[in-house]
Amino acid sequence: MAGAESGSGAFSMSSVVADWSLVFWTLCSVILPVLITLWCSFHRSRRQMLIRDIFCKSKHDWHYTDLFGQPSYCCVCAQHILRGTFCSCCGLRVCEGCLKKADQHFLCKEIVMRSEGGAHSSMPHHWIRGNVPLCSHCMVCKQQCGTQPKLCDYRCVWCQCTAHDECMLDCLKTEECTFGEFKDLIIPPYYLSTIDQMRKDKRTDYEKVVPYCREHWIPVIILANTRSGNNMGETLLGEFKILLNPVQVFDLSKITPAKALQLCSLLPCNAVRVLVCGGDGTVGWVLDAIDEMKIKGQERFIPQVAILPLGTGNDLSNTLGWGAGYAGEVPVEQILRNVMEADGIVLDRWKVQVTSKGYYNLRKPKVFTMNNYFSIGPDALMALNFHAHREKTPSLFSSRIINKAVYFFYGTKDCLVQECKDLNKKVELELDGERIELPNLEGIIVLNIGYWGGGCRLWEGMGDEPYPLARHDDGLLEVVGVHGSFHCAQIQVKLANPVRLGQAHTVRLILKSSKMPMQVDGEPWAQGPCTVTITHKTHALMLYHSGEQTDDDASSVSEQEHVREQTDEDV
């Protein structure tokens, strides 16, 4: 019996030990991965904090990435980079482990040259080794650079010249940099240091400090809206900082146009050009800031404005020859060439005053500035619905295609509902003080430019009737009517013409009853009974690019030439 009891006791003890062993290993298998995960998360967060700290304190414009567009090598350890950082100003690329060392040992672009040893009128090349652009050629032997699968060859961050390792002579390291192809657009660091010294001496004759002793220096200022259209603004900012001085490249999500344009007062008079990267709304924002410069008495510093269209409609950009939308198909270098070659023109700007009925003594009238068009009716309703939808879910409207699809949806909906019918019974129209009898309409559109609705030449229509071409600098507005959303769609595909109501210097529109949707340059609102008065406000100095010409543009030009020929024959 004793032996049996001892055997059963030993068996129970072994089973208990086995149970505890199973529990122990089970706990280990659960807790150990959790501890490892926590340890990795702690070190990852610590590493990210260190990286963010370096980003904040660094003079480089570091950006973190785990995907480069081409094979990249660390400028410190020369190893291939899988995850690392790059500077959007000088193009320096390093891996995570070498970031701190690179930040201490490599200088970024010097946007303002230190004034040690007096004033400067030149500067040497600033060479960065490795990761040279594809298809670049050595400035010494003219052979292709960057072809070896390793960290090799050099690139100057200012003039973008490249040189092989074996061609990098001592003379190149001390040679003066000419700033390359875009020297007429770049604001050199030594210029800003000279201007800073002149301001301390209370001198303002900046036009005497022209770099390179050149007569045709036209510095450009880049204003990019990173929230426009296809969200390409962030990429464009980096590419422009590589080619130009970073001090002349501004992100409008971080700084207002009024503050950015203060740089114009430090540059020669009537020489500055501004490239606005964004939609028509962004362009209007910049032009408003330029009008503020006029009010402050800075007319001699007013810049000329070019457009890189990133918005949805881009009708003003299309009118001025800059295209209907930019999707990265044109290299940044070519964009800068287009800005250099563009011609100066004048754009009419208009004052739109909306006075609500019954509130003359209690409420101030709404005042807008119009560059493109004013409308009441179905297209304003589509813009109002689109705006309300975008306010609720802004993250869904980051693509130009999605934006146009939403517009199409609301246009189709209005074809069925017809919320703006019988507009002619609710509205009175006056052109230069003369009352216009309105036919049965659902919408009225007042045009300043040639394009409307994302690329449609509304005033000319299908061209089957001899109407004078719409101009943006003649002080005249074109007024048309539409029968509804379906009629608008027919006009856009050239299956119908608008109802042409006339041209005028002053347009007055009286909404007698009910509430109707209105818009000025894509800014919509619902408006009750009111009086809308549109009068000329001022002119804006714009840049016209003749290279981007659509079939409609070509036909318009041919029609214009035909009209001139007929006029000459009559004379």
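Just so we're clear, the structure is a prediction, and the values are computed from it rather than from any experiment.
- Between the side chain of Arg500 and the backbone N or O of Glu460 there is at least one donor-acceptor pair closer than 3.5 Å.
- When the shell of 6.0 Å around CZ of Arg273 is examined, it contains more than 12 heavy atoms from other residues, nucleotides or ligands.
- Looking only at side-chain heavy atoms (C-beta outward), Cys530 and Met518 come within less than 4.5 Å of each other.
- The CD atom of Glu299 sits 10.5 Å away from atom CG of Asn270, with the distance rounded to the nearest 0.5 Å.
- Note that OG of Ser375 is 6.0 Å distant from CD1 of Ile445, once rounded to the nearest 0.5 Å.
- Counting heavy atoms from C-beta on, the side chains of Leu541 and His539 never come closer than 4.5 Å.
- Judged by distance alone, the side chain of Glu430 and the main-chain N or O of Gly433 form no donor-acceptor pair under 3.5 Å.
- In the displayed structure, Lys294 atom NZ is contacted under 6.0 Å by more than 12 heavy atoms of other residues, nucleotides or ligands.
- In terms of heavy atoms, Pro189 sits closest to Asn245 at N-ND2, 4.1 Å.
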CA sep, side-chain torsions, deciding dist, call: Leu431, Val507, side-chain contact (heavy atoms from CB on, under 4.5 Å)
CA-CA 5 Å; Leu431 301 183; Val507 176; 3.9 Å; yes
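- One N or O on the side chain of Lys109 and one on the backbone of Leu244 form a donor-acceptor pair closer than 3.5 Å.
- Judged by distance alone, the side chain of Glu329 and the main-chain N or O of Ala327 form a donor-acceptor pair under 3.5 Å.
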Would Tyr191 and Leu267 satisfy side-chain contact (heavy atoms from CB on, under 4.5 Å), going step by step from the backbone distance to the final call?
CA-CA 9 Å; Tyr191 174 85; Leu267 298 169; 3.7 Å; yes
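- Screening Tyr373, Tyr451, Trp452 for a side chain to side chain donor-acceptor pair (under 3.5 Å) involving Asp315 leaves a single residue, Tyr373.
- Asp280 and Asn372 share a side-chain donor-acceptor pair at under 3.5 Å.
- Listed here is the closest heavy atom pair of Lys421 and Glu442: CA-CG, 3.6 Å.
- The backbone N or O of Asn497 sits less than 3.5 Å from a side-chain atom of His487, completing a donor-acceptor pair.
- To the nearest 0.5 Å, the span separating CD1 on Ile222 from CG on Leu252 amounts to 11.0 Å.
- For Asn314 against Ala324, the heavy-atom pair with the smallest separation is ND2-O, 2.9 Å.
- Panel note: side chain Asp379, backbone Gly453; no donor-acceptor pair is recorded below 3.5 Å.
- Proximity of Gln334 to Arg337: side-chain heavy atoms (C-beta onward) are separated by under 4.5 Å at one or more points.
- Annotation for Glu434: atom CD does not count as buried by contact number, only 12 or fewer foreign heavy atoms lying within 6.0 Å.
- Ring orientation note: the planes of Trp525 and Phe374 are tilted relative to one another, at an angle of 30° to 60°.
- Smallest separation of non-hydrogen atoms from Leu223 and Ala260: CD2-CB, 3.6 Å.
- In this structure, Asn440 and Asp422 have side chains that are in contact, with non-hydrogen atoms separated by less than 4.5 Å.
- Between Leu543 and Trp322, the closest heavy-atom pair is O-NE1, 2.8 Å.
- Side-chain contact check for Trp350 versus Val446: every heavy-atom pair is 4.5 Å or farther apart.
- Contact annotation: the side chain of Pro246 never approaches that of Asp61 to less than 4.5 Å [non-hydrogen atoms, C-beta and beyond].
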As a quick check of understanding, evaluate side-chain contact (heavy atoms from CB on, under 4.5 Å) for Thr369 and Leu287, giving each step before the final call.
CA-CA 10 Å; Thr369 301; Leu287 294 181; over 6 Å; no
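- With contacts defined as side-chain heavy-atom distances shorter than 4.5 Å, the pair Lys537/Asp291 qualifies.
- Side chains of Glu234 and Thr226: a donor-acceptor N/O pair is absent below 3.5 angstrom, by distance only.
- Distance check: Cys159 SG to Ile186 CD1 gives 8.5 Å after rounding to the nearest 0.5 Å.
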Applying side-chain contact (heavy atoms from CB on, under 4.5 Å), run through Leu236 and Leu310 and close with a yes or a no.
CA-CA 11 Å; Leu236 288 169; Leu310 301 182; 4.0 Å; yes
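- Separation of atoms CD1 (Ile534) and CG (Leu509) is listed at 7.5 Å; rounding is to 0.5 Å.
- Checked by atom type and distance alone, the side chain of Ser317 pairs as donor or acceptor with a backbone atom of Gly323 at under 3.5 Å.
- With rounding to the nearest 0.5 Å, the separation of CZ in Phe486 from CG in Leu495 is 8.5 Å.
- At distances below 3.5 Å, at least one donor-acceptor pair connects side-chain atoms of Gln160 with backbone N or O atoms of Ile242.
- Of the possible donor and acceptor atoms, one in the side chain of Asp348 sits under 3.5 Å from a partner among the backbone N and O of Gly475.
- When each of Asn371, Leu458, Leu320, Thr319 is tested with Ile449 by the rule side-chain contact (heavy atoms from CB on, under 4.5 Å), just one qualifies, namely Thr319.
- In this structure the side chain of Lys512 reaches within 4.5 angstrom of the side chain of Lys357, judged on heavy atoms.
- Minimum interatomic distance between Pro524 and Ala380 (heavy atoms only, all atoms of both residues): CB-O, 4.1 Å.
- Looking only at distances, a side-chain donor or acceptor of Asp432 sits under 3.5 Å from a matching main-chain atom of Thr506.
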